[in-house]
Asker: 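Just passing along the structure, written as structure tokens.
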Amino acid sequence: MKLLIDKIKPFFEKVFGSLGLDSKEYEFLIQTPRDTNVCDVCIPCFSLAKIMKENPVKIAENIANEFNLLLQKEINVKALNGYVNFSSDSRWIAKKLLFENYSFFKESQKLKILIEHTSANPNGPFHVGRARNAILGDALVRLNRDLGNEVIAEYYVDDMGKQVGILSWALENISRKEVNDILEHNGIDNLNPIWKQKEDHVRVRWYQAANILRKEKPEIEDELAEIIRKSEEGDEKVLLQFNNAFQPILDGMLETLAKLGIKYDSFTNESKFIIDGSVNKIVKNLEKSDLYGEAENGAKFLELAEKGVSGKSTKFFFQRSDGSSLYATRDLAYHQWKWSQSEKLINVLGEDHRLQSKQVSVALNELNIKCPEVIFYAFIKLPEGKMSTRKGNVVFMDDLILEAEEIALKILSERKGELNKDEVFKIAKAVASSAIRFNILKVSPEKGFTFKWEDALSFDADSAPFIMYSHARSCSINKKVKSLELIEDNFDISEIDINDSTSRLLRTILRYEDAIEKSISENKPNHFCNYMLELSTSYNLFYRDSPIIKNGELNAFNYKVSEYSRKLIHRGCNALGIIPLESM
RNA sequence: GGGCGCAUAGUGUAGUGGAUAUCACGCUGGCCUUCUAAGCCGGCAACCGGGGUUCGAAUCCCCGUGUGCCCGCCA
């Protein structure tokens with residue numbers, strides 16, 4: 001409700017000045033109420049009671065009276081239960097939105113932001129748990145872009161070290177037949193033939209087989225250690241070999257994410273920071289820290305016991321005894337580099353990285369490098385327990401998407417319609433991808449949840465299709481108006497009678513800015529999900545009560561409101577990665 | 001053993017010091033000759049337990065309970 005707050009601020013200064021209060025100090029009191037049906041903006045007077053030594057109900061009444069002397073009739077001010085409640089005239093809102101092109105985020109500061117998300121090790125297909133990262137990250141990218149920020153979506157590629165090393169070794173040393181035999185003996189399902197062309201599904205089997213083989217033949221460890229060591233020294237030949245091993249997997253993973261509308265602007269390889277020497281510089285600088293310590297064998301660490309880290313080990317190791325670097329050290333160099341690209345950093349990490357992220361923050365402080373904002377999300381479990389790529393106990397995102405498309409197709413086939421096959425297929429894909437994203441986004445990131453097929457595939461009221469359906473309706477109306485070539489009569493907004501549901505819709509539209517800003521400032525896309533559900537509900541009520549075409553004639557005001565809503569729902573869908581279809 | 005998350009109707013969720021605790025599923029009763037019924041309207045039902053701070057606590061603090069994650073010279 002920025003529009004209204006900006007409107008009343010100058011009067012607020014006068015009123016509070018006349019009460020002998022510093023208006024700047026109390027500006028924060030102007031707020032949007034929890035229950036938006038009560039009023040548009042309010043000032044709770046409870047905290048003033050102590051200073052003014054008076055009953056908050058009385059204070060509210062006095063303040064309301066003062067405002068009423070100053071404000072024109074387009075803002076209604078009333079005192080209620082110790083609150084000063086402001087309600088704007090619906091015609092005034094309509095005028096600002098429909099005729100004066102009030103635009104959102106005009107005064108917001110625009111930033112260059114780098115959002116690093118997903119960054120999953122390229123060793124196998126996405127399962128639903130890992131995908132939460134990508135879906136959250138992509139939503140943050142889109143929300144920030146909606147506000148006008150310039151955003152880089154970053155994927156940090158683990159192209160060295162143990163995991164890729166194992167994969168690379170497996171592809172060179174284990175035959176297809178051996179892989180199949182090993183996995184069969186260990187109860188891992190066969191490759192689903194649907195995915196036999198998709199290298200993430202194919203190659204992960206080598207990774208799984210190698211992990212089983214390592215337990216049986218310890219001598220493999222020596223071979224592994226050798227190539228891993230070389231990769232960490234930046235050996236070009238080994239890194240190229242690693243790259244050839246994981247790149248087809250990464251491509252397969254990105255193909256899956258693309259089905260969900262997720263794309264990246266930039267990929268950065270971990271090895272970059274070994275090769276360019278920045279890791280070495282980080283090590284040198286960390287050695288100067290007061291927290292620096294060395295183990296007996298020469299491994300280097302920071303002692304974090306005094307920095308709020310506790311547990312069995314309080315040491316943060318950044319160099320092994322053999323002189324090689326660790327993931328965390330490279331991460332420090334990576335952060336330094338990221339700051340050279342942007343003014344704000346956001347990382348999306350699983351809750352298992354909480355400690356590691358704290359260690360990185362302390363180390364960054366020691367290096368005089370700013371810390372990123374980090375958003376943590378809890379894991380998605382299966383009813384039978386944790387998901388694990390190695391154990392093959394997962395729901396693949398590719399399978400979930402396929403299943404969702406089939407259900408959408410089934411629903412479409414049950415409904416009468418004159419859509420052709422291509423359109424039906426396109427709609428099913430859009431519904432599936434949007435619904436999956438939304439069902440994950442609508443839950444607050446720090447809350448864990450258990451994956452259930454029926455919830456993930458729910459297309460009911462609390463879902464993306466609900467929002468998409470409102471949009472499709474508004475499109476349908478627009479098409480009808482166009483096809484009937486109805487004429488938009490001129491009208492005087494001050495003469496229009498605005499009903500309750502239209503008034504509610506106009507107010508909901510006005511809260512778009514607040515919803516985006518809240519979601520961004522807290523890095524919680526679920527807030528905006530909620531808002532989009534409210535916007536759609538408001539539109540549905542308006543649709544019920546306010547005919548746009550009646551007896552073959554166009555209601556120009558209702559049409560303008562509908563069109564404004566249509567464009568805003570479209571915009572909001574893009575901000576969440578929901579595909580706003582024109583018909584469904 | 002220690003640290004860090006989380007706990008709201010039968011189920012899932014919103015809410016980060018204020019007005020009658022949000023929305024959905026569920027159960028239940030209604031609305032399609034009228035701009036897409038994947039919709040709309042009505043009813044049922046909840047703040048883990050105990051202390052504290054405050055004029056006021058689901059929200060902040062302490063203790064407990066349950067649950068998840070972490071405590072590698074892995075990533």
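Order of the sequence lines sets the chain letters (A, B, ...), proteins ahead of strands, with each chain counted from 1. Here the structure is a predicted model, which is why all the values come from computation and not from measurement.
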Asker: Determine the interatomic distance between P on B/U34 and the same-named atom on B/C27; round to the nearest Å.
Answerer: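 To the nearest whole Å, 28 Å.
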Asker: Can you find a side chain N or O atom of A/S444 that sits less than 4.0 Å from OP1 or OP2 on B/A14?
Answerer: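 Checking B/A14 against A/S444, a side-chain N or O does come within under 4.0 Å of OP1 or OP2.
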Asker: Expressed in whole Å, how much space separates the P atoms belonging to B/C48 and B/U59?
Answerer: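 Rounded to whole Å, the distance is 8 Å.
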Asker: Nearest to the A/D462 side chain among B/G5, B/C23, B/U16, which nucleotide is it?
Answerer: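 Nearest to the side-chain atoms of A/D462, counting from C-beta on, is B/C23.
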Asker: By the 4.0 Å heavy-atom rule, please label A/M468 as base, sugar-phosphate, or nothing.
Answerer: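 The answer is nothing, as A/M468 stays clear of every strand by at least 4.0 Å.
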Asker: Would A/K315 and A/F301 count as a cation-pi pair here, with the cationic atom under 6.0 angstrom from the ring centre and within 45° of the axis?
Answerer: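 Judged by the rule (NZ or CZ under 6.0 Å from the ring centre, within 45° of its axis), A/K315 counts as positioned above A/F301.
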Asker: Would you mind classifying the nucleic acid contact of A/P56 as base, sugar-phosphate or nothing, using non-hydrogen atoms under 4.0 angstrom?
Answerer: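 Here A/P56 touches no strand at all.
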Asker: Whole angstroms only, please: what is the CG-P distance between A/L355 and B/G68?
Answerer: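 Distance check: A/L355 CG to B/G68 P gives 20 Å.
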Asker: Side chain of A/L541, heavy atoms from C-beta onward: which of B/A14, B/C40, B/A75 has the nearest atom to it?
Answerer: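 In terms of side-chain proximity for A/L541, the closest of B/A14, B/C40, B/A75 is B/C40.
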Asker: Checking contacts here: which listed nucleotide (B/U16, B/A14, B/A37) is nearest the side-chain heavy atoms of A/Y469?
Answerer: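 From the listed options, B/A37 comes nearest.
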Asker: Could you walk me through whether A/K560 and A/E563 pass the salt bridge (charged side-chain N to carboxylate O under 4.0 Å, His left out) test, one step at a time?
Answerer: CA-CA 5 Å; A/K560 266 197 155 41; A/E563 281 297 279; over 6 Å; no
Asker: How far, in whole Å, is B/A24 from B/U67 if one measures between their P atoms?
Answerer: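 So the two P atoms sit 32 Å from each other.
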Asker: Please work out if A/S546 contacts a base, only the sugar-phosphate, or nothing of the nucleic acid, heavy-atom cut-off 4.0 Å.
Answerer: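 The answer is base, as A/S546 lies within the cut-off (heavy atoms under 4.0 Å) of a base atom.
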Asker: For A/Y543, report the nucleic acid contact type (base, sugar-phosphate, nothing); a contact means any heavy atom under 4.0 Å.
Answerer: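 Base contact - A/Y543 has a heavy atom under 4.0 Å of at least one base atom.
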Asker: If you draw a 6.0 Å radius around CZ in A/F425, do more than 12 non-hydrogen atoms from other residues or ligands fall strictly inside?
Answerer: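 Count not over threshold, so no.
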Asker: Output the single nucleotide from B/A75, B/A24, B/C55 whose closest atom is nearest the side chain of A/R320.
Answerer: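 It is B/A75.
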Asker: Return the nearest nucleotide to the side chain of A/E351; candidates are B/G68, B/C73, B/G1.
Answerer: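 Side chain of A/E351 sits closest to B/G68.
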Asker: Could you check whether A/A295 gets within reach of a base, just the sugar-phosphate, or nothing at all, counting any heavy atom under 4.0 Å?
Answerer: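 The residue A/A295 makes base contact.
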Asker: Could you tell me whether the phosphate oxygens of B/U36, OP1 or OP2, come under 4.0 Å of any side-chain nitrogen or oxygen in A/S476?
Answerer: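 Answer yes for this pair, as a side-chain N or O of A/S476 is under 4.0 Å from OP1 or OP2.
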Asker: Just checking A/D322: base, sugar-phosphate only, or nothing, at a heavy-atom cut-off of under 4.0 Å?
Answerer: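 Here A/D322 touches no strand at all.
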Asker: Assess A/R132 against A/F379: is NZ or CZ under 6.0 Å from the centre of the six-membered ring, and within 45 degrees of the ring's axis?
Answerer: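 Cation-pi check for A/R132 and A/F379: fails.
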Asker: Can you tell me how far P in B/C41 sits from the matching atom in B/C32, rounded to whole Å?
Answerer: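 Each nucleotide's P atom is 15 Å from the other's.
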Asker: Nearest-Å distance, CG (A/L286) to P (B/C73)?
Answerer: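 Between P of B/C73 and CG of A/L286: 16 Å.
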Asker: If only atom types and distance count, is the side chain of A/T329 paired as donor or acceptor with the main-chain N or O of A/L326 below 3.5 Å?
Answerer: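 It does hold such a pair.
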Asker: Under 4.0 angstrom, heavy atoms only, what part of the nucleic acid is A/K480 near: base, sugar-phosphate, or nothing?
Answerer: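 The answer is sugar-phosphate, as A/K480 gets under 4.0 Å only of primed atoms, P, OP1 or OP2.
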Asker: When the distance from CZ of A/F318 to P of B/G72 is rounded to whole Å, what number comes out?
Answerer: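 Whole-Å distance recorded here is 17 Å.
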Asker: Checking contacts here: which listed nucleotide (B/U36, B/U13, B/C69) is nearest the side-chain heavy atoms of A/I477?
Answerer: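 Nearest nucleotide to the side chain: B/U36.
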Asker: What's the gap between B/C40 and B/U36 when it is taken at their P atoms, as a whole Å value?
Answerer: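 These two P atoms come out 16 Å apart once rounded.
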Asker: Starting at atom CZ of A/F46, determine the distance to atom C1' of B/A57, rounded to an integer number of angstrom.
Answerer: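 Nearest whole value for this atom pair: 14 Å.
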Asker: B/A38 P sits how many Å from A/L457 CG, rounded?
Answerer: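 It works out to 18 Å between those atoms.
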Asker: In whole Å, measure the gap between the P atoms of B/C62 and B/C4 for me.
Answerer: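 Those two atoms are separated by 10 Å.
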Asker: Just to be sure I understand the rule, does A/K386 reach a base, reach only the sugar-phosphate, or reach nothing, if contact means heavy atoms closer than 4.0 Å?
Answerer: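 Sugar-phosphate contact only - A/K386 comes under 4.0 Å of backbone atoms but never of a base.
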Asker: Is the count of non-hydrogen atoms from other residues, nucleotides or ligands lying under 6.0 Å from A/E294 atom CD greater than 12?
Answerer: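 Yes, enclosed.
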Asker: Could you tell me if A/N37 and A/R504 have a donor-acceptor pair between their side chains, going purely by distance under 3.5 Å?
Answerer: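 There is no such pair (donor and acceptor under 3.5 Å, judged by atom type) between the side chains of A/R504 and A/N37.
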Asker: Over all strands shown, is A/S583 touching base, sugar-phosphate only, or nothing at heavy-atom distances under 4.0 angstrom?
Answerer: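 It contacts base atoms.
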Asker: Using a 4.0 Å heavy-atom cut-off, does A/S562 contact any base of the nucleic acid, only the sugar-phosphate backbone, or nothing at all?
Answerer: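 Since no nucleic acid heavy atom lies under 4.0 Å of A/S562, the category is nothing.
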Asker: Counting heavy atoms not belonging to A/D500, are there more than 12 under 6.0 Å from its CG?
Answerer: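 Incorrect, the count does not exceed 12.
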Asker: Given B/A37, is OP1 or OP2 found less than 4.0 Å from the side-chain N or O atoms of A/R473?
Answerer: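 Result: yes.
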Asker: Taking any heavy-atom pair under 4.0 Å as a contact, classify A/C475: base, sugar-phosphate, or nothing.
Answerer: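 Since no nucleic acid heavy atom lies under 4.0 Å of A/C475, the category is nothing.
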Asker: Base, sugar-phosphate, or nothing: which does A/F466 touch, judged by heavy atoms less than 4.0 Å apart?
Answerer: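 Sugar-phosphate contact only.
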Asker: Ignoring the backbone of A/R354, work out which of B/C69, B/C4, B/A75 is nearest its side chain.
Answerer: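 Side chain of A/R354 sits closest to B/C4.
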Asker: Of the candidate nucleotides B/C41, B/C71, B/A19, which contains the atom at the shortest distance from the side chain of A/R34?
Answerer: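 Among B/C41, B/C71, B/A19, the one nearest the side chain of A/R34 is B/A19.
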Asker: Counting the atoms with a prime plus P, OP1 and OP2 as sugar-phosphate, which does A/K518 contact under 4.0 Å by heavy atoms, base, sugar-phosphate, or nothing?
Answerer: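 Result for A/K518 = sugar-phosphate.
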Asker: Using the glycosidic torsion, which applies to B/C4: syn (within 90° of 0) or anti (everything else)?
Answerer: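 It is anti.
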Asker: Answer with yes or no whether the side chains of A/N347 and A/H335 bring together a donor and an acceptor at under 3.5 Å.
Answerer: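 The answer is yes; a qualifying pair exists.
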Asker: A/H353 side chain N/O closer than 4.0 Å to the phosphate oxygens (OP1, OP2) of B/A75?
Answerer: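 No, no such contact exists.
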Asker: Reckon A/N526 has a side-chain N or O less than 4.0 Å from the OP1 or OP2 of B/A14?
Answerer: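 Result: yes.
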Asker: Of the nucleotides B/C70, B/C35, B/A14, which one has an atom closest to the side chain of A/N530?
Answerer: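 Among the listed nucleotides, the one closest to the side chain of A/N530 is B/A14.
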Asker: Going by modelled atom types, is there a donor-acceptor pair between the base of B/C25 and the side chain of A/D455 at under 3.5 Å?
Answerer: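 Under the 3.5 Å cut-off, the side chain and the base do not form any donor-acceptor pair.
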Asker: May I ask you to check whether A/F528 and A/Y512 place their ring centers less than 6.0 Å from one another?
Answerer: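 Yes, the ring centres sit under 6.0 Å apart.
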Asker: On the side chain of A/N85, is there an atom forming a donor-acceptor pair with the base of B/A19 - under 3.5 Å, no angle test?
Answerer: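 Side chain to base: pair present.
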Asker: For A/V309 and A/S536, find the nucleotide of RNA chain B closest to each by heavy atoms; which residue's nucleotide sits nearer the 5' end?
Answerer: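 Per heavy-atom nearest nucleotide, the more 5' residue is A/V309.
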Asker: If you check every side-chain atom of A/K447, which of B/C41, B/C6, B/C69 has the closest atom?
Answerer: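 The closest nucleotide is B/C6.
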Asker: Using a heavy-atom cut-off of under 4.0 Å over every strand shown, decide if A/D35 touches base, sugar-phosphate, or nothing.
Answerer: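 Counting heavy atoms under 4.0 Å across all strands, no contact is made by A/D35.
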Asker: Find the distance A/I427:CD1 to B/U36:P and express it as a whole number of Å.
Answerer: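 In whole Å, B/U36 P lies 14 Å from A/I427 CD1.
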Asker: For atom C1', what is the distance between B/A58 and B/G49, given to the nearest Å?
Answerer: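 Comparing C1' positions in B/A58 and B/G49 gives a spacing of 14 Å.
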Asker: Side-chain donor or acceptor of A/S321 under 3.5 Å from a matching atom on the base of B/C73?
Answerer: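 Indeed there is one.
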Asker: Just the rounded figure in Å: distance from C1' of B/C41 to CZ of A/R544.
Answerer: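 Taking atom C1' of B/C41 as the reference, CZ of A/R544 is at 7 Å.
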Asker: Taking CD from A/Q31 and C1' from B/U16, how many angstroms apart are they, rounded to a whole number?
Answerer: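 For the pair A/Q31 CD and B/U16 C1', the rounded distance is 13 Å.
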